[in-house]
Amino acid sequence: MEREGFQMNTIAERIKFAMKAKNKKQVDIVKDTGISKGAFSSYLSGQYNPKADKMELIADSLDVDLRWLYGQNVPMEHTSQNDNALQYVFYNNSCSEYLLDNLDDIYIAMMTQYAALIPRFYVLVNRAGNAMHILPLFLKEDSSQFYECPSDFFYSDRHTIFTRDFESIHMVLTTATIYYYGIDTKTCEPKVTKLAYSQTDDCFYIDNEVHDCHIKAFEKEVVKEALYLKHNAQ
């Protein structure tokens with residue numbers, strides 16, 4: 001599987017990245033900021049960089065950290081000093097080999113970690129079925145922390161780490177089904193966990209009903225990682 005580069009070195013690249021992540025179009029930014037369409041187009045092309053006052057307006061419109069927009073190594077999202085929870089942003093990845101048909105959208109879930117945005121999951125959304133498939137990206141030494149389905153889903157005050165942007169990616173929380181492609185850490189076997197939402201408890205729970213609508217390409221990635229673990233355990 002071909003890996004994409006996520007390093008963004010220019011203001012123009014960061015503005016475009018944030019626009020995709022926030023599902024905002026050029027006309028939205030122009031309306032929010034009062035910046036002319038021509039001037040904003042020159043920013044997007046990299047022909048000119050916005051002046052300080054315009055940068056503040058753009059950052060406010062996109063709801064991102066101004067320092068991040070300038071290229072500093074800080075999370076894109078606004079975070080408080082007491083907020084230690086991982087936050088993510090969906091980045092549309094329309095060129096992915098996993099884009100199966102026009103009913104599905106594929107995203108990279110970028111987590112704010114190590115004071116930077118780190119790609120952590122492939123997320124495939126089936127809009128017709130209101131279903132989300134989450135595949136961890138097994139790229140770093142700490143990938144093992146994502147083998148099991150994250151416990152945050154099961155707490156009413158923490159599941160928003162993953163669900164707060166559902167509406168922007170055409171997911172309806174109250175009827176959503178989530179499939180998490182992980183690994184049983186005891187047996188080193190692939191394990192797909194199906195999650196359903198409980199309106200009563202305002203969180204997700206494990207649905208143990210039989211399910212066979214897995215994404216084969218995602219299963220292959222988990223199988224490869226499981227084989228790697230078994231090989232290292234020998």
Side-chain angles (χ1 to χ4, degrees), residues 2-96 98-99 102-125 127 132 137 159-173 176:
E2 183 180 352
R3 307 299 187 190
E4 297 185 11
F6 292 95
Q7 186 175 4
M8 292 170 287
N9 297 314
T10 69
I11 290 174
E13 289 170 342
R14 294 203 171 209
I15 291 175
K16 286 186 283 189
F17 178 92
M19 287 174 65
K20 284 187 177 181
K22 300 289 186 173
N23 196 28
K24 298 199 76 167
K25 299 179 180 178
Q26 181 172 341
V27 64
D28 299 322
I29 311 298
V30 168
K31 182 179 179 181
D32 290 345
T33 62
I35 297 171
S36 71
K37 182 179 178 180
F40 192 73
S41 295
S42 69
Y43 303 155
L44 289 179
S45 68
Q47 183 179 5
Y48 299 103
N49 281 333
K51 293 183 179 179
D53 59 331
K54 299 297 190 294
M55 285 287 284
E56 291 183 9
L57 292 171
I58 294 169
D60 287 343
S61 175
L62 292 169
D63 192 24
V64 299
D65 193 306
L66 179 61
R67 298 169 299 166
W68 177 85
L69 207 56
Y70 272 115
Q72 295 183 34
N73 188 25
V74 298
M76 184 178 85
E77 302 286 351
H78 292 290
T79 55
S80 66
Q81 292 182 349
N82 297 324
D83 185 4
N84 294 319
L86 290 174
Q87 297 293 319
Y88 75 94
V89 61
F90 287 128
Y91 172 65
N92 193 282
N93 188 37
S94 58
C95 296
S96 172
Y98 294 135
L99 189 63
N102 291 332
L103 296 178
D104 299 317
D105 287 322
I106 194 77
Y107 300 86
I108 298 290
M110 308 284 284
M111 313 288 286
T112 52
Q113 197 172 5
Y114 316 120
L117 277 168
I118 306 293
R120 280 304 189 185
F121 304 103
Y122 274 109
V123 179
L124 188 145
V125 175
R127 288 175 285 168
M132 171 187 286
L137 276 164
H159 73 72
T160 52
I161 292 172
F162 294 89
T163 63
R164 63 187 175 87
D165 284 341
F166 264 22
E167 185 176 346
S168 70
I169 58 170
H170 312 292
M171 291 286 291
V172 180
L173 179 64

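Side-chain contact check for Thr10 versus Asn49: every heavy-atom pair is 4.5 Å or farther apart. Counting heavy atoms from C-beta outward, Met132 and Ile169 have side chains that approach closer than 4.5 Å. Side-chain atoms of Arg14 and Ile11, non-hydrogen and from C-beta on, never get closer than 4.5 Å to each other. Looking only at side-chain heavy atoms (C-beta outward), Leu69 and Met55 come within less than 4.5 Å of each other. Side-chain contact check for Val30 versus Ile35: every heavy-atom pair is 4.5 Å or farther apart. Side-chain contact between Tyr122 and Leu137 is present, with at least one heavy-atom pair separated by less than 4.5 Å. Lys37 is not listed as a side-chain neighbour of Val27, based on a closest heavy-atom distance of 4.5 Å or more.
The CG atom of Asp60 lies 11.0 Å from the CD1 atom of Ile29; values are rounded to the nearest 0.5 Å. Note that CZ of Phe17 and CH2 of Trp68 are 6.0 Å apart. Values are rounded to the nearest 0.5 Å. Going from atom CD1 of Ile58 over to atom CG of Leu62 covers 7.5 Å, rounded to the nearest 0.5 Å. Rounded to the nearest 0.5 Å, atoms NE2 (His159) and CZ (Arg164) are 13.0 Å apart.
Classification of Asp53 and Lys51 as a salt-bridged pair fails, no side-chain N sitting under 4.0 Å from a carboxylate O.
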Show the numbers, then the answer: is there a side-chain contact (heavy atoms from CB on, under 4.5 Å) between Glu56 and Leu66? CA-CA 7 Å; Glu56 291 183 9; Leu66 179 61; 3.8 Å; yes

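Remark: the Thr33 side chain and the Lys54 side chain contain no N/O donor-acceptor pair separated by less than 3.5 Å.
For the pair Lys24 (side chain) and Ser61 (backbone), a donor-acceptor distance under 3.5 Å is present. Checked by atom type and distance alone, the side chain of Thr160 never pairs as donor or acceptor with a backbone atom of Thr163 at under 3.5 Å.
Shown here is Tyr70, whose OH atom has more than 12 heavy atoms of other residues, nucleotides or ligands within 6.0 Å.
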